[in-house]
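The structure under discussion appears below in the form of structure tokens.
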Amino acid sequence: GQIAESLTLFQSAACLNPGNTSYLKQVALSLTLLGKHKQALEVYDEALRVAQELRTAQKASEGPAQGKEVGVAAANWEVLHNKGLCLESLGRLEAAQ
């Protein structure tokens with residue numbers, strides 16, 4: 001009940017603000033909890049793509065990097081972890097590594 005409702009609400013929020021990766025992550029997590037692992041993987045990939053686009057735009061506006069730069073994958077470790085769990089649930093162990 002509540003997970004399905006949260007999915008609907010986060011999907012609405014993601015539609016209103018597609019550049020917000022937090023909403024996308026919550027959509028994917030809700031799908032995962034509902035056992036919809038294939039759909040969750042697609043949303044996790046979308047969250048990583050959006051995060052990369054945002055990081056590229058940010059780097060372009062900032063100019064040369066100052067100090068230590070964190071990559072998109074490292075900044076989104078939770079997405080990568082949850083993707084691995086989805087892949088494991090689907091029996092795709094090699095892809096989960």
Pick from V43, N76, N82: which one makes a side-chain contact (heavy atoms from CB on, under 4.5 Å) with K25?
N76

Of the non-hydrogen atoms in [X] and [Y], which two are nearest, and what is the gap between them?
X: L54; Y: G19; result: CD1-O, 3.3 Å
X: T32; Y: H37; result: O-CE1, 3.7 Å
X: A28; Y: A40; result: O-CB, 3.5 Å
X: A51; Y: T21; result: N-CG2, 3.8 Å

Do L9 and L29 belong to the same hydrophobic cluster, where Ile, Leu, Val, Met, Phe, Trp and Tyr are linked whenever their side-chain heavy atoms lie under 4.5 Å apart, directly or via other members?
no

Rounded to the nearest 0.5 Å, how far does [atom2] of [Y] lie from [atom1] of [X]?
X: L24; Y: R49; atom1: CG; atom2: CZ; answer: 9.0 Å
X: Y44; Y: H81; atom1: OH; atom2: NE2; answer: 9.0 Å
X: E5; Y: S30; atom1: CD; atom2: OG; answer: 10.5 Å
X: Q26; Y: L7; atom1: CD; atom2: CG; answer: 11.0 Å
X: Y23; Y: Q11; atom1: OH; atom2: CD; answer: 14.0 Å
X: S6; Y: L34; atom1: OG; atom2: CG; answer: 7.5 Å

Salt bridge check: are E88 and R92 linked by an N-O gap of less than 4.0 Å?
no

Could you tell me whether the side chains of T56 and Q52 share a donor-acceptor contact shorter than 3.5 Å?
yes

Q39: what forms a side chain to side chain donor-acceptor pair (under 3.5 Å) with it, not counting sequence neighbours?
none

Only counting residues at least two apart or in another chain, list the ones meeting side chain to side chain donor-acceptor pair (under 3.5 Å) with N20.
none

